[in-house]
Amino acid sequence: MQNPLHHSNESASNQARDVVSSHEPRSLRTYTPTQAVLVRSEGVYHWTPEGRRLYDFTSGVLVANLGHNPVAWMERFTDYMGWSLPRPRAPASFFSALPMTAYNAITSVETEAIRRLIDLLQSRPGGRRLEQVFWAASGSEAIQKALWGALARDPSRPMIIATRFGFHGKKGLAGAVTGCETDHDRDPRVRFISFPMTECADVSMRERSFDDRLYRQELESLKREFGHRLGVLITEPYLGGGGSYHPPKAYLQLLQKFCRENDIVFVLDEVQSNFGRTGAMFAYETYGLEPDIVVLGKGLGNGVPVAAAVGRTDIFATLDYGEGSDTWSANPLCCAAVLATLDEFASRDVLGPCHRSSTVVEEGLIRLKQLPFVGKVRGEKGGMVWGLEMQDHAGRSAADWANATVLACYRGLEPGGDGIHFLGPLAKKVIRIAPPLVISETEAHEAMQLMYRMLMPLADT
């Protein structure tokens, strides 16, 4: 049994940590030096059992784009499910509403979610190829289904190109296209290509020219080696788990051009980026792309687990009955959540205020570079996700400084005071900054001021 994390003045939280440490495997979670315990959440805030308020700068890993427990979203969600509970005169064991599971059957919320989601995707620049919805219960399952369809299109073309250090999931083919060549459980069908990192290491490099020769050479080398056997290419629009690297548009457009010229299926994994994270509704708009398949998740359900691969009809038609089915896909609970999310974006301007708050957060992050252990800031202009990269300083490694930063932000300036909730570092030394899109300019300003004040004392240690 691992030793549980404990923090002073947190008896209730420490008891919860003890239970989890004793009865859950540590592999269920990623490492964090804080292990926050939460009892309630509202908007951009969490509260601990001890009553401390934390700014949520994770959004549950880019999930709660609309904030935690938004009233209008919840009302819509429960209405779609039919959860207006009656008050019967006599005690009742059941009530009439949509079923929570409808395996292999069709419900009204499913058909409406399909229609509305496709309409939205196709209405955005670059979405015209997105014709059918392949539902899934998680992002990695949706990636798996996207790749199943792409590979079934032509069994003589089994080779998959993936961008190195991307994250697409941990299960099956999703795990096989994650990471790099030296990771365990490699699939012989997968070949990795380089993703720009030095060219987009900091926001100050956004407007620099991009030399794509190295990347074109890698693609042409694979073409010479495998020829017609290359069947599918998959990439994230920006490297998320790999350290939040946001590439020049020309790089992703190069990948798409290569796919078009060689009849290769182009899959864009937007599980992390969909619904506003890169400043546009979808990242294929941000980067000027037209994917054959786009994979959605996380923010699609704003907290309810749901994902989907949406793509060309002719690709998905290559799979027969049952080859993409599972217990939970397209269940009414998930489809109601998708409709509530679509309603929120349709009924009000989410992205306009988000762009203004984005400016405040980014200015605050750039200010943190005044601290000697903060090295780089990466993100999309107008978006709501950044990577804050630490650097070696005063005999301590960048990884050490990253963990110290997460811990200092959690503890706050004083006992019982506000803090900021982060997850453990990406790529050992990068802290992901991803508050809900609905964070106000005032909240963003207060959070960034607090973060600077919490980290200043570390520079003197």
Side-chain angles (χ1 to χ4, degrees), residues 101-107 109-119 121-122 127-162 166 168-178 185 187-191 226 228-236 256 259-260 262-271 274 284 290-297 300-301 305-332 334-335 338:
T101 177
Y103 176 75
N104 225 42
I106 300 170
T107 63
V109 287
E110 179 185 356
T111 58
E112 183 69 2
I114 292 168
R115 182 188 66 79
R116 297 253 323 263
L117 185 58
I118 290 175
D119 284 351
L121 289 162
Q122 291 188 345
R128 71 180 182 90
R129 294 169 181 257
L130 308 177
E131 301 168 318
Q132 285 194 332
V133 180
F134 208 160
W135 294 107
S138 71
S140 59
E141 287 183 13
I143 293 292
Q144 179 101 357
K145 292 182 178 185
L147 293 174
W148 280 345
L151 293 173
R153 184 183 67 132
D154 187 345
S156 71
R157 307 182 70 176
M159 302 303 296
I160 304 169
I161 303 172
H168 305 284
K170 298 185 177 79
K171 300 185 283 281
L173 278 175
V177 295
T178 288
D185 291 339
D187 189 311
R189 294 172 293 179
V190 179
R191 292 296 183 273
F226 296 105
H228 188 68
R229 296 183 66 208
L230 296 172
V232 55
L233 186 153
I234 183 168
T235 185
E236 296 174 281
Q256 178 174 278
C259 289
R260 295 286 188 267
N262 295 281
D263 190 29
I264 294 170
V265 177
F266 180 48
V267 179
L268 189 65
D269 177 359
E270 287 214 35
V271 170
N274 59 188
Y284 62 77
E290 191 177 286
D292 296 305
I293 301 174
V294 66
V295 184
L296 311 175
L300 178 63
V306 59
V310 188
R312 287 166 35 193
T313 299
D314 64 308
I315 294 174
F316 291 153
T318 59
L319 296 172
D320 206 350
Y321 280 111
E323 291 186 312
S325 67
D326 59 78
T327 304
W328 303 113
S329 291
N331 73 75
C334 294
C335 292
V338 171

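Below, all heavy atoms of this structure are taken into account, side chains as well, without hydrogens, waters or symmetry copies.
- Annotation: ring-ring contact (aromatic ring centres under 6.0 Å, His included) contacts of F266 (sequence neighbours excluded): none.
- Residues in residues 311-322 take part in these salt bridge (Lys or Arg N to Asp or Glu O under 4.0 Å) pairs, two or more places apart or across chains: D292-R312, R312-D314.
- Applying the side-chain contact (heavy atoms from CB on, under 4.5 Å) rule to A105 yields the partners A102; only residues at least two apart in sequence or on another chain are considered.
- Residues passing the side chain to side chain donor-acceptor pair (under 3.5 Å) test with N262 are K223, sequence neighbours excluded.
- To the nearest 0.5 Å, atom CG of residue N274 and atom CG of residue L300 are 6.0 Å apart.
- Applying the side chain to side chain donor-acceptor pair (under 3.5 Å) rule to E270 yields the partners S273; only residues at least two apart in sequence or on another chain are considered.
- When every heavy atom of V294 is checked against every heavy atom of P291, the shortest pair comes out as CB-CG, 4.3 Å.
- With sequence neighbours excluded, the residues that form a side-chain contact (heavy atoms from CB on, under 4.5 Å) with R191 are M159, L222, F226.
- For the pair L319 and F134, the minimum side-chain heavy-atom distance is below 4.5 Å.
- Shown here are the side-chain contact (heavy atoms from CB on, under 4.5 Å) partners of T327, two or more places apart in sequence or in another chain: there are none.
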Expected list for residues 139-152: side-chain donor-acceptor pairs under 3.5 angstrom, two or more places apart:
| unit_1 | atom_1 | unit_2 | atom_2 | d |
| --- | --- | --- | --- | --- |
| S140 | OG | S138 | OG | 3.3 |
| S140 | OG | K171 | NZ | 2.9 |
| E141 | OE1 | A137 | N | 3.3 |
| Q144 | OE1 | L173 | N | 2.7 |
| K145 | NZ | W135 | O | 2.8 |
| K145 | NZ | G324 | O | 2.9 |
| K145 | NZ | D326 | OD2 | 2.5 |
| K145 | NZ | S329 | OG | 3.0 |

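- R189 meets the side chain to side chain donor-acceptor pair (under 3.5 Å) test with D187; sequence neighbours excluded.
- Annotation: the span from L233 atom CG to L268 atom CG amounts to 10.0 Å, rounded to 0.5 Å.
- In this structure, the side chain to side chain donor-acceptor pair (under 3.5 Å) partners of E112, at least two apart in sequence or on a different chain, are R115.
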